[in-house]
Amino acid sequence: MAIGIFDSGLGGLTVMDAVRTRLPDVPFVYLADSANAPYGVRTADDIYDLTCKAVQRLFDAGCDLVILACNTASAAALRRMQESWVPQDKRVLGVFVPMIEALTERQWGDNSPPREVAVQHVALFATPATVASRAFQRELAFRAIGVDVEAQACGGVVDAIEDGDMILADALVRSHVDALKRKMPQPQAAILGCTHYPLMQAEFQDALGADVSVYSQANLVGESLADYLERHPDKIGTGEAAYLTTGDPVRVSQRATQFLRRQITFEAA
Ligand code: DGL
């Protein structure tokens, strides 16, 4: 048994790295569905089917708890999976809620009615499927009132990152920030609502300006997972850590090593 971390590709490694630092004794199995990435341009049904298949692979690897380190899967598939697919003895958690809790300054499990919060103008950068789902706005409405969210679907950024074309990724980030600013000239906070985007965090911050607080999920998810495991220690496994991909392990290992600046070796899933 180990804890599973799933993403369509390399983006979830930003979450994986943070949770490994926070929980160094816990074995993690990472699965990148590289053969089917990007998910952000697919339909909700397609994302649901692919995510169930990937999570089943992690259950088969002995994981009782799987973190969807992918906003697109969290937004388009998680609720349906929890309602009708996840077996009783397993858990699947997403990455949206910890970020919204941080933005709304709430503690884990605070179910009090929605209230006014410090930030009122929030820019959301995410994949087309995440933006179309409106899952972020729905979760936010449970916790906060009076927050104006302007969402920008960042087409092309995930493909450029997966291809290792950081010049294109940089140009796309800047054009998406410009497009967002035409709709909301002065956001107070920006949410990087795709786990690939922390790999471009400096570019987002630079394009947005120093006075915009940029929230990314990695550390927030690390804290939430540590808190969850304190309350559910039976979900920590003792199995073998691994990096699995449905794509070409050599190519995926090269990209991952380039991004994280340490050797990462993927095996075929
Ligand atoms: N990292 C995924 C997310 O957080 C990527 C999406 C994709 O494959 O398009 O949304």
Side-chain angles (χ1 to χ4, degrees), residues 4-19 30-55 58 66-79 81 92-100 123-137 139 151-166 168-169 172-173 176 190-201 204 214-222 224-225 243-247 252 255-256 259-260 266 269:
I5 308 268
F6 165 70
D7 183 38
S8 59
L10 299 169
L13 290 172
T14 59
V15 173
M16 171 89 172
D17 236 27
V19 296
Y30 185 89
L31 173 60
D33 190 11
S34 321
N36 295 302
Y39 277 20
V41 289
R42 293 177 177 275
T43 62
D45 279 349
D46 209 4
I47 295 166
Y48 174 81
D49 290 343
L50 289 170
T51 306
C52 289
K53 201 167 159 209
V55 169
L58 287 166
V66 174
I67 311 293
L68 300 185
C70 176
N71 291 270
T72 307
S74 302
L78 180 58
R79 182 181 279 207
M81 290 170 77
V92 180
L93 303 175
V95 284
F96 257 49
V97 170
M99 190 173 56
I100 291 173
L124 170 68
F125 296 95
T127 66
T130 299
V131 170
S133 75
R134 295 189 61 80
F136 179 82
Q137 288 90 330
E139 292 293 339
Q152 177 66 29
C154 297
V157 177
V158 169
D159 307 64
I161 292 173
E162 289 284 321
D163 288 343
D165 188 343
M166 305 319 268
L168 177 60
L172 288 168
V173 164
H176 287 305
I191 304 289
L192 301 189
C194 168
T195 53
H196 281 70
Y197 300 170
L199 294 165
M200 305 300 293
Q201 180 146 354
F204 272 103
V214 177
Y215 288 76
S216 79
Q217 287 156 325
N219 294 333
L220 300 172
V221 173
S224 290
L225 180 59
Y243 290 91
L244 306 175
T245 177
T246 57
V252 176
R255 294 272 186 268
F259 287 137
L260 296 190
F266 275 82

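Just so you know, ligand 1 is whichever comes first in the structure, and atom 1 is the first atom listed for that ligand. Numbering of residues begins at 1 and proceeds along the displayed sequence.
Between D7 and ligand 1, an N or O atom pair is found at a separation short of 3.5 Å.
Nearest heavy atoms, S216 versus L192: CB-CD1, 4.2 Å. Heavy atoms only, all atoms of each residue included: N219 and A18 are closest at OD1-CB, 3.6 Å.
When each of T72, D33, T127, T130 is checked for a side chain to side chain donor-acceptor pair (under 3.5 Å) with Y39, only D33 meets the rule. Partner of T195 under the side-chain contact (heavy atoms from CB on, under 4.5 Å) criterion, out of L10, V15, V221, L13: V15 alone.
Ligand 1 places these atoms under 4.0 Å from at least one heavy atom of T127: 6 (C), 9 (O), 10 (O). Each of the atoms 7 (C), 8 (O), 9 (O) of ligand 1 lies under 4.0 Å from some heavy atom of G40. Atoms of ligand 1 found under 4.0 Å from any heavy atom of S8, numbered from 1 in the order shown, are 5 (C), 6 (C), 7 (C), 8 (O). Atoms of ligand 1 lying under 4.0 Å from at least one heavy atom of T72, given by number and element, are 3 (C), 6 (C), 10 (O). Which parts of ligand 1 touch C70 is read off a 4.0 Å heavy-atom cut-off, strictly below it: atoms 2 (C), 3 (C), 4 (O), 10 (O). Taking a cut-off of under 4.0 Å to the non-hydrogen atoms of N71, the atoms of ligand 1 that pass are 3 (C), 4 (O), 10 (O).
Nearest to atom 7 (C) of ligand 1 among the protein's heavy atoms is Y39 N, 3.2 Å.
Listed by chain and number, the residues in a side chain to side chain donor-acceptor pair (under 3.5 Å) with E162 are H196 (sequence neighbours excluded).
Side-chain contact between Y197 and V158 is present, with heavy atoms from C-beta onward closer than 4.5 Å.
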